[in-house]
Each structure stands twice: as C-alpha cells, then as structure tokens.
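Quick notes on the structure that follows.
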Amino acid sequence: MTPLVRVVGQAISLPEPDLDTDVIYPARFLLITEKQGLGRYAFHDRRDIPGFPIQDGAARPILIAGPNFGCGSSREHAPWALADYGFRVIISPSFGEIFYSNCFRNGILPIRLGETEIAPFRQAASAGGTITVDLERCEVGAGNEAPIAFEIAPDRRQALLNGWNDTMRIQALHARDIESFEDRQRHAAPWLWLNG
Amino acid sequence: MAATLYDKLWDAHVVAEADGKTLLYVDRHLLHEVSTPQSFASLREDGLSVRRPATQLAVADHSIPTHDRAKGISDPQAAAQIALLERNCGAFGIEYMRVDGPDHGIVHVVGPEQGFTLPGITLVCGDSHSSTHGAFGTLAFGIGASECGTVMAAQCLWQMRAKTMRVTFPGQLAPGVSAKDMALALIGQIGAAGAVGYAIEFAGEAVRALSMEGRMTLCNMAIEAGSRTGLIAPDETTFAYLKGRKRAPQGTDWDQALAFWQTLQSDGKARFDCEIEIPADEIAPQVTFGTTPDHVIAVDGAVPANRDGRLTRAIDYMGLAAGAPVEGLEIDHAFIGSCTNGRIEDLRSAAAVIGRGHVHPRVRALVVPGSARVKQQAEAEGLGRIFVQAGFEWREPGCSLCVAMNDDRLPPGARCASTSNRNFEGRQGIGARTHLMSPAMVAAAAVAGRIVDVREWPQ
C-alpha cells in the first residue's frame with residue numbers, strides 16, 4: 001500500500017447526503033476481477049449530468065463529501081475506484097462503516113469533521129483553493145487559515161503513514177496470540193473444530 | 001458485571017487488544033464470487049495460504065443468471081468470475097458449492113440452511129448483508145475484499161467494539177404485517193445512518209414470536225440502518241431450526257453446544273448505549289418512496305414535504321412529488337427474492353396473497369428462490385405451481401434483481417415492487433425505480449398492477 005503522510009492539493013465538493021457505494025461504483029462493473037484501473041467507473045452513471053464534478057481528467061486529491069458517504073454495499077471496488085481516480089483524502093461528517101474501514105486498506109484517509117468545520121473546505125473546493133492534509137500532525141487546513149485537528153485511530157494512522165499490509169502485520173506480531181486463542185477454543189468449543 | 005449479548009460474543013473472541021481495538025477471532029467465513037477475486041490475488045502476491053480451510057465456504061450468487069442455466073452463462077465476464085471462484089477455492093482447499101448442485105443459493109440463505117451459521121460464533125462475509133446471520137445469536141458482519149484475504153490467511157481482524165443499541169418491539173404484529181415492515185419502520189424512524197457505530201440487538205414480544213426466516217429478514221436490514229451487526233438472542237426457535245442441519249453439531253457435540261448457546265442472551269441488568277422502542281401493533285405495511293431505505297412511509301401515507309430540498313433528487317428520480325400517495329402507484333415489475341426475502345416463509349406468504357389471482361397484464365413478475373433447497377421445498381408444497389399458474393416467472397436461485405449484476409435488470413424508468421433491501425439509484429438497473437416492501441405486499445401489487453394495502457386485500 002502507498003504510504004500517506006501529507007497531501008496538498010485542490011478538492012472536489014460533493015455535498016449530497018447518503019451517496020451509497022452503488023452510486024460510487026455501479027453494480028454491473030462488479031464483474032471485473034481486477035482492482036487496478038477502476039477509476040473510470042467512479043460515479044459512472046452520474047458523469048452525464050451537466051456540472052457533476054467527477055469527470056474524466058478532473059482529478060483532484062481531496063473529496064469533500066456529504067454525510068453518510070459510502071453507505072450500503074461492502075464492495076471494496078468503491079474505494080478502489082476512488083483511489084484509482086486520484087483521491088487520497090475524503091472529508092465528510094460521517095461514513096458508511098464498511099466503506100470507512102475499506103479506505104484505510106487502500107491508502108485513502110477518511111476524515112470525519114462536523115458540518116461547520118467542513119464549511120471552509122467546501123468553500124476552498126469551490127474557489128479552487130489549496131487544502132493541506134498533514135497526517136503526522138493530524139491537521140487539515142485551507143489556504144493560509146489556521147489548520148484544524150482531526151481524530152483518527154492511532155493504529156490506522158500508523159498503517160497509512162507506513163503503508164503497512166494488515167495481514168502480514170497480524171501474522172508477524174500476533175502468531176502466538178492466535179495459536180493460544182485456538183488452543184483455548186478447541187477445548188471450550190470442540191464442535192467448532194470437527195473438521196479442522 | 002451484567003453484559004449484553006454483543007459484549008459476550010465479543011469478549012469470547014478477543015485474540016489481542018491494542019490502541020482501543022481488538023484483534024477479533026473469526027470462526028466462519030462465507031465467500032462469494034464478487035468480493036474475493038482480489039482477496040485471493042493478494043494471498044498469492046504475499047505467498048500466503050488459508051489457515052483453516054474447513055471454516056470457509058463458498059458459493060456464487062451475485063452474478064449468476066437465474067434462468068436457462070442449462071445453456072451455460074452467456075455473459076463471458078460473469079462466467080469468468082464464477083469460474084475463477086471455483087478455481088480459487090480448488091487451489092486454496094476451500095469447499096465450493098457448485099451452481100448445479102443441491103446446496104446452491106444466496107450466500108446468506110445457504111449459510112443458515114447448511115447449519116454453517118451457529119449461535120455464539122463470529123462470522124464474516126464480503127457482503128454487507130452478513131448481518132443476516134445475527135438472527136442466530138451470531139456476531140456476524142460484512143467486510144471488504146482486503147479483509148476477506150486477512151481472514152483467510154490469519155483467521156482474525158482488527159475491529160473496533162461498537163456501541164450497543166437495543167430495539168424492542170413490544171406487542172404483536174397485525175395480520176398482513178411482517179418482519180420486513182418491522183425493519184423498514186425502524187429505518188424510517190432512526191434513519192439510514194441512525195445506527196452507524198452501534199450493534200443492534202432486537203428484542204421484545206414481536207421478535208420472539210418471529211420464525212427464523214422473519215428474524216433473518218430483520219437482521220438482514222440492520223445494515224440499512226447503518227449498523228453492521230443485528231443480533232437476536234438464540235432460543236428454542238433457533239435450536240429447533242438448527243437441529244439436524246448438515247454442518248450443525250450432532251450427538252454429544254450438540255448437547256455441549258446447546259448448553260453454551262442457552263447462556264447467550266443479554267443479562268437482565270445489562271446497559272445499552274441506546275434504547276429504541278417501536279410498538280409492533282402500531283406498524284403498518286411499509287413502502288419506500290425514495291432512493292434510500294429510510295425514505296419509507298406506511299402504505300396509506302404520502303410522500304413527505306420536501307423540507308430544505310433534501311428530497312428533490314430522490315423524488316424526481318422516482319417520478320413522484322411531495323404529498324403524493326404511494327398506494328395506487330402503477331408498477332411495471334415485481335420481484336420476490338433476495339437474501340432479505342427469498343426464504344420459504346417469504347414464498348409462502350406471497351403465494352397466500354395470490355389466491356386465484358393472476359399477475360396484472362402490464363406487470364412482469366419474478367419469483368427467485370433464495371436457494372435450490374428453498375426452490376425444491378416450495379415446489380413440494382405446491383407454491384411453485386401457484387406462482388407459475390398466476391403468471392409469475394419461477395426462476396433458479398440467485399441474487400437476481402436485488403443487485404442487477406446478472407442479466408436480470410430493469411430498463412430506465414421502470415417501477416418495481418421489490419422484496420429486496422436497497423432502493424438506491426440504479427440498483428435494479430440504470431434509472432430503474434424501486435419500492436421496497438414485504439413479500440405479501442409485492443405479491444398483491446403484482447396482481448393488482450399497482451401498490452395496494454395488503455391488509456385490505458381479499459385472501
């Protein structure tokens with residue numbers, strides 16, 4: 001996974017609430033079994049709407065979304081498509097939970113901020129201003145304004161900063177913990193171990 | 001200390017803890033063709049194997065066609081995706097339930113049917129409707145493709161403990177009202193994001209009175225309220241459903257498991273972070289009017305006022321206006337099926353409504369059983385014949401018109417009465433308009449050619 005430390009760039013504002021992963025990545029493209037090159041399908045069925053900000057060649061690194069962004073299906077194709085399109089940071093008052101978790105595993109930083117905190121970033125997005133996201137300091141700021149702090153779980157921050165692979169880290173750091181859990185469960189609930 | 005059911009399930013699966021998160025052990029993993037190709041690819045890239053193949057079970061459901069299966073799969077991309085699942089399962093030692101076999105069906109229908117889903121376990125699947133399995137007192141939740149790979153290799157996942165929400169339904173449901181209406185009424189009340197960050201436990205007289213099928217419908221829709229997890233404490237209904245199932249424990253294992261399962265309920269003094277109460281006897285049949293499941297009203301209600309313009313896009317998309325009734329809206333399609341309502345009891349309740357009726361000439365109506373076993377049982381009970389004689393198409397099992405990944409898709413502007421779980425824009429086809437409702441309501445709408453109140457429907 002590509003590490004994410006600092007992102008500086010322009011943003012796209014998409015304030016509509018409840019944009020679900022079916023809208024972000026329509027189901028018929030789920031037949032694709034790769035995860036590269038999906039950016040062309042991001043918001044595919046909205047792109048013919050005049051003025052819709054996500055278009056070919058309009059890529060910017062930051063998306064300012066509306067509340068409950070990424071609700072619905074667990075499809076990881078949604079963050080794959082957004083990452084491939086060029087987004088590294090998504091700022092929203094709230095996210096669908098599975099989508100939120102999927103972002104971290106694909107080098108996207110989802111930032112939760114209140115509506116009033118988001119307002120200046122929306123303005124900056126509309127005005128073509130620059131937004132700076134600093135994951136080391138956990139701060140986001142628009143233009144020359146004083147940056148504001150955002151919260152993120154420490155382990156998720158570390159994983160993004162370092163580009164860690166979750167599976168490999170669990171295996172490297174917790175192999176003994178898993179084995180001892182399994183030993184206990186094999187004894188306590190043998191009916192779950194009948195076939196191995 | 002008094003604990004909720006969720007806490008008991010969580011605490012029994014802690015492998016390690018750090019930074020306020022838990023490395024949670026995963027007992028069972030269901031796989032399907034859409035969310036795992038990239039998971040297997042990452043296992044290959046990292047040179048990993050599957051830790052406990054016996055805890056994994058795979059079936060293709062989203063992209064398979066539901067008719068003319070004997071001819072093979074005409075869409076080459078879908079055929080390749082399904083073949084890839086079978087090949088990946090073979091390579092990594094995971095059992096795959098073949099499309100032409102007796103155990104085939106929708107992943108959330110076959111899991112319980114096989115006794116693969118058990119009380120007290122953790123179960124995941126790369127599908128948000130994994131919350132379905134919580135109906136058994138199973139800590140079940142949907143995950144992404146990367147997490148599917150992690151579960152296969154490491155058998156655990158870093159997770160954040162959720163807050164707890166108890167949703168109590170006191171009283172009894174009126175005739176014509178079902179678990180689907182309970183779920184939609186809840187979502188209408190708390191909103192599509194109302195339970196984000198919470199694990200819901202469903203309780204109360206009306207929940208206890210539900211069959212396993214009804215409980216699965218209720219938990220299935222928990223995700224549409226924003227919760228990844230829906231839970232119902234297991235009881236005699238649960239145990240009777242599981243007894244004798246193929247993968248459920250047998251003999252002394254059953255006795256030992258049962259003794260444990262009987263402890264799986266929230267303690268009397270357990271405290272929930274949030275309590276919601278919805279009197280069951282006040283719930284009317286529900287119908288969605290917009291493009292998220294919380295755009296929902298009672299069948300005799302009207303599309304709400306478009307305050308601050310928030311509904312503009314949704315009601316334009318649906319071809320409706322504020323103040324319009326939903327009852328009487330003409331439909332073009334009817335769909336009975338999906339992991340929400342494709343079980344035997346759903347088909348029974350739909351068939352009961354049809355009576356001597358026939359599908360309205362304008363309407364195309366599909367019944368898609370949730371699994372091969374549901375189909376077989378429905379045919380044995382004579383339900384298949386009722387559907388066919390009434391003019392419904394009687395299909396092979398699959399996700400079908402719920403997700404429109406297969407060749408079951410609606411044209412732009414088509415209006416569909418649907419038992420599925422999502423009325424999102426484009427969910428049943430580009431520009432298609434979905435009204436979610438119960439199987440009985442869909443069956444009545446199919447016959448009437450318009451949305452009707454099943455409580456006033458002659459039976």
Side-chain angles (χ1 to χ4, degrees), chain A residues 16-18 20-23 26-35 45-46 67-68 71-77 79-80 94-102 105-106 153-156 158 165-168 170-171 173-175 177-178 180-182 185 188-196, chain B residues 15-16 18-21 23 25 27 34-35 37-38 42 46 48 52-54 62-63 75 77-78 80-81 84 120-121 126-128 142-147 149-150 153-156 158 160 192-193 196-197 226 228 249 253-254 256-257 260 292 310 313 403-405 422 424-427 430:
Chain A
E16 189 179 327
D18 301 319
D20 57 77
T21 53
D22 275 74
V23 171
R28 61 191 183 282
F29 304 120
L30 291 174
L31 293 170
I32 298 166
T33 55
E34 315 291 321
K35 64 177 168 185
D45 295 343
R46 289 284 186 99
N68 202 25
C71 59
S73 161
S74 62
R75 64 190 65 164
E76 201 163 315
H77 307 67
W80 290 333
S94 57
F95 294 90
E97 279 192 77
I98 304 175
F99 175 84
Y100 181 80
S101 157
N102 280 340
R105 291 161 178 263
N106 295 286
D155 58 320
R156 289 186 145 151
Q158 284 299 328
N165 172 324
D166 239 29
T167 312
M168 302 304 263
I170 290 172
Q171 294 205 316
L173 301 178
H174 298 285
D177 295 328
I178 299 170
S180 57
F181 178 92
E182 290 181 335
Q185 196 196 50
W191 64 89
L192 298 178
W193 287 82
L194 295 176
N195 301 305
Chain B
V15 172
D19 292 330
K21 298 187 78 178
L23 188 62
Y25 196 79
D27 295 315
V34 180
S35 58
Q38 296 86 350
S42 67
D46 296 337
L48 299 170
R52 289 179 64 195
H62 284 60
S63 57
D75 180 339
Q77 227 179 354
Q81 189 178 54
L84 180 60
I121 65 169
D127 189 284
S128 61
I143 57 175
S146 300
E147 291 175 304
T150 302
Q155 207 76 34
C156 44
W158 282 107
M160 184 91 82
V196 169
R228 293 171 71 190
D253 285 319
W254 171 267
Q256 197 182 350
F260 170 61
T292 92
R310 278 195 68 172
R313 185 172 173 91
V403 64
M405 275 192 64
R422 288 185 172 141
F424 295 159
E425 263 184 46
R427 177 80 177 181
I430 303 168

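Note that the structure is a prediction, hence the values are computed from the model and not measured. Protein chains get the first letters and strands the later ones, always in sequence-line order, with residue 1 at the start of each.
- Taken from OG in S73(A) to CG in D127(B), the straight-line distance is 6.5 Å, to the nearest 0.5 Å.
- Classified by interplanar angle (parallel below 30°, tilted 30° to 60°, perpendicular above 60°), the ring pair W191(A)/F260(B) is tilted.
- Heavy atoms closer than 4.5 Å to chain B are found in both the backbone and the side chain of L30(A).
- Residue W80(A) touches chain B through its side chain alone, counting heavy-atom pairs closer than 4.5 Å.
- E34(A) CD: 12 or fewer foreign heavy atoms inside a 6.0 Å radius.
- When each of I178(A), D166(A), D45(A) is checked for heavy-atom pairs under 4.5 Å with chain B, I178(A) comes out on top.
- Donor-acceptor pairing under 3.5 Å is lacking for the side chains of S128(B) and S74(A).
- For A189(A), no part sits under 4.5 Å from any heavy atom of chain B, backbone or side chain.
- With a 4.5 Å cut-off on non-hydrogen atoms, F95(A) touches chain B through its backbone but not through its side chain.
- Residue L173(A) does not touch chain B at all, counting heavy-atom pairs closer than 4.5 Å.
- Atom CZ of R310(B) has 12 or fewer neighbouring heavy atoms from other residues, nucleotides or ligands inside a 6.0 Å radius.
- With chain B as partner, the option from P17(A), G72(A), P67(A), P79(A) having the largest number of non-hydrogen pairs under 4.5 angstrom is G72(A).
- For Q185(A), the part lying under 4.5 angstrom from a heavy atom of chain B is the side chain only.
- Residue L192(A) touches chain B through both its backbone and its side chain, counting heavy-atom pairs closer than 4.5 Å.
- For R52(B) and W193(A), the positive end sits near the middle of the six-membered ring, less than 6.0 Å away and at most 45° from its axis.
- Of the atoms belonging to T33(A), heavy atoms from both backbone and side chain fall under 4.5 Å from chain B.
- Using a 4.5 Å cut-off between heavy atoms, N102(A) contacts chain B through its side chain alone, with no backbone atom that close.
- The residue among Q256(B), M160(B), H62(B), Q155(B) with the most heavy atom pairs within less than 4.5 Å of chain A is Q256(B).
- Only the side chain of L84(B) comes within less than 4.5 Å of a heavy atom of chain A; its backbone N, CA, C and O stay farther away.
- If you measure heavy-atom distances from R422(B) to chain A, the contacts under 4.5 Å come from the side chain alone.
- Highest contact tally toward chain A, considering only S146(B), P249(B), G142(B), P37(B), is held by S146(B) [criterion: heavy-atom pairs under 4.5 Å].
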